[in-house]
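In what follows, every chain begins at residue 1, and chains take the letters A, B, ... in the order their sequences are listed. All of these numbers come straight from a predicted model, not from anything done at the bench.
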Amino acid sequence: LLKRRDSQQALAIFERMKRENCEPTADTYTMMINLYGKGNKSYMALELFREMKSRKCKPNICTYTALVNACARDGLCEKAEEIFEQLQEAGHEPDVYAYNALMEAYSRAGLPYGAAEIFSIMENMGCEPDRASYNIMLDAYGRAGLYEGAQAVFDEMKRLGIEPTMKSHMLLLLAYSRMGNVLKCEEIVSQMQESGLTPDTFVLNAMMNLYGRLGQFEKMEEVLTAMENGAFKPD
RNA sequence: CAGUCAUUGAG
């Protein structure tokens with residue numbers, strides 16, 4: 001019933017549930033918080049959380065994670081930490097999702113070292129970082145302009161036998177593009193192809209923006225036509 | 001697959 005991916009619908013149903021004195025369940029709240037979080041309405045998410053507690057509805061670990069994430073998107077790093085603590089006080093062992101969400105908060109706040117710290121805490125807790133963890137670290141370094149750090153994370157992934165995902169490549173690409181290092185960017189794109197990944201519109205858009213910023217309009221046209229051709233014919 | 005990761009977007 002609530003599996004709608006549609007925020008408008010979800011909201012309407014949610015309101016109706018309350019009107020009809022039907023207590024929303026923890027799962028319902030989690031979904032709603034998640035919804036607000038993704039829609040950059042961290043504020044509403046936090047408010048919902050308060051409402052939830054005042055109704056004596058017990059938040060579970062997913063609820064907290066969703067909330068941390070909501071804060072992360074808004075760069076409310078301190079709020080995120082606060083919630084993370086609440087999570088622990090509630091007797092939950094933070095899992096990889098929770099850590100990742102928290103790292104995301106630091107990353108967005110422009111604190112790559114904070115993120116790195118969490119990364120190592122996570123390892124010390126015997127919690128295996130997953131692909132998302134690495135991607136977030138990549139992003140954290142990339143945003144801060146620490147391309148060396150980003151590159152290190154990327155290499156580390158490969159060393160561990162984790163195939164970098166499309167996102168990983170994108171993030172690394174962006175790290176270099178912020179430095180205006182076009183050559184490196186082009187290199188990465190070809191590396192991607194060698195790994196058997198097809199540059200998608202995400203990548204092409206990123207390249208377009210890069211060239212645009214640098215005023216390399218000829219390159220832009222090349223990319224454009226590549227896009228139009230549906231590109232990458234095997235031969 | 002209840003919760004975590006990617007590009008751009010003039011207030």
Side-chain angles (χ1 to χ4, degrees), chain A residues 1-5 10 14 24-40 42 45 48-49 52 57-74 80 83-84 86-87 90 92-109 112 115 118-119 122 127-143 150 153-154 157 162-178 185 188-189 192 197-214 220 223-224 227:
Chain A
L1 173 65
L2 271 178
K3 286 203 169 180
R4 274 246 163 265
R5 265 304 187 194
F14 187 65
T25 69
D27 284 6
T28 315
Y29 273 114
T30 303
M31 287 192 40
M32 292 308 297
I33 289 175
N34 200 16
L35 232 151
Y36 282 128
K38 304 228 160 159
N40 26 1
S42 68
L48 251 188
F49 185 59
M52 180 174 179
C57 187
K58 253 191 137 190
N60 57 27
I61 191 159
C62 297
T63 316
Y64 288 107
T65 312
L67 255 185
V68 172
N69 190 239
C71 297
R73 295 217 173 237
D74 258 22
I83 292 162
F84 193 78
Q86 286 180 34
L87 180 155
H92 294 288
E93 280 297 326
D95 63 1
V96 74
Y97 289 100
Y99 282 115
N100 285 347
L102 188 57
M103 280 174 55
E104 175 75 8
Y106 280 99
S107 159
R108 290 286 220 248
I118 293 163
F119 191 88
M122 167 160 62
C127 197
E128 282 292 325
D130 64 358
R131 275 175 198 221
S133 319
Y134 288 98
N135 284 342
I136 294 166
M137 285 309 295
L138 259 170
D139 196 24
Y141 287 121
R143 273 173 207 280
V153 174
F154 191 80
M157 279 177 83
I162 303 176
E163 274 301 315
T165 62
M166 193 76 81
K167 290 183 187 182
S168 321
H169 288 274
M170 272 294 304
L171 291 166
L172 185 61
L173 184 67
L174 287 164
Y176 284 110
S177 93
R178 287 192 177 93
C185 289
I188 292 168
V189 174
M192 281 178 71
L197 290 173
T198 307
D200 60 357
T201 56
F202 275 113
V203 176
L204 296 175
N205 278 339
M207 290 308 280
M208 288 276 297
N209 279 301
L210 171 60
Y211 290 136
R213 273 205 310 275
L214 299 179
M220 283 179 77
V223 178
L224 258 180
M227 285 175 83

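Look at CE on A:Met122: it is 10 Å from C1' on B:U4, rounded to the nearest Å. One interatomic measurement links the two molecules: CG of A:Asp27 to P of B:C1, which rounds to 16 Å at whole-angstrom precision. To the nearest angstrom, P of B:U4 lies 18 Å from CZ of A:Arg131. Spacing between atom NZ of A:Lys167 and atom P of B:A6 amounts to 6 Å, rounded to whole angstrom units. One atom, CD of A:Glu104, and another, P of B:C5, lie 6 Å apart when rounded to the nearest Å. Atom CG of A:Asp139 is separated from atom P of B:U4 by 16 Å (rounded to the nearest Å). Rounded to whole Å, the distance from OH on A:Tyr176 to C1' on B:A6 is 17 Å. Computed from coordinates, the A:Ile33 CD1 to B:G3 P distance equals 12 Å when rounded to whole Å.
Side-chain atoms of A:Asn209 come within 3.5 Å of backbone atoms of A:Asn205 as a donor-acceptor pair (strictly under, hydrogens ignored).
Contact annotation: A:Asn69 reaches the phosphate of B:C5 (side-chain N/O to OP1 or OP2, under 4.0 Å). Residue A:Arg213 has no polar side-chain atom (N or O) positioned under 4.0 Å from OP1 or OP2 of B:U7. An OP1 or OP2 oxygen of B:U4 is reached within less than 4.0 angstrom by a side-chain nitrogen or oxygen of A:Lys38. Between B:U4 and A:Asn34, a contact under 4.0 Å exists linking OP1 or OP2 to a side-chain N or O.
Side-chain contact check for A:Leu67 versus A:Leu87: every heavy-atom pair is 4.5 Å or farther apart. Proximity of A:Tyr97 to A:Tyr64: side-chain heavy atoms (C-beta onward) are nowhere separated by under 4.5 Å.
Counting non-hydrogen atoms under 4.0 angstrom, A:Ile61 reaches a base of the nucleic acid.
Using modelled atom types and a 3.5 Å distance limit, the side chains of A:Asp27 and A:Thr30 yield no donor-acceptor pair.
If you take atom C1' in B:C1 and the same atom in B:C5, they sit 16 Å apart, rounded to whole Å.
Between A:Phe14 and A:Tyr29, the angle of the ring planes goes over 60°, which puts this pair in the perpendicular group of the 30/60° scheme.
Closest to the A:Cys62 side chain, of the nucleotides B:U4, B:G3, B:A6, is B:G3.
A donor-acceptor contact under 3.5 Å is formed by the side chain of A:Asp95 with the base of B:G3. Between the side chain of A:Asn209 and the base of B:U8, no donor-acceptor pair under 3.5 Å is found.
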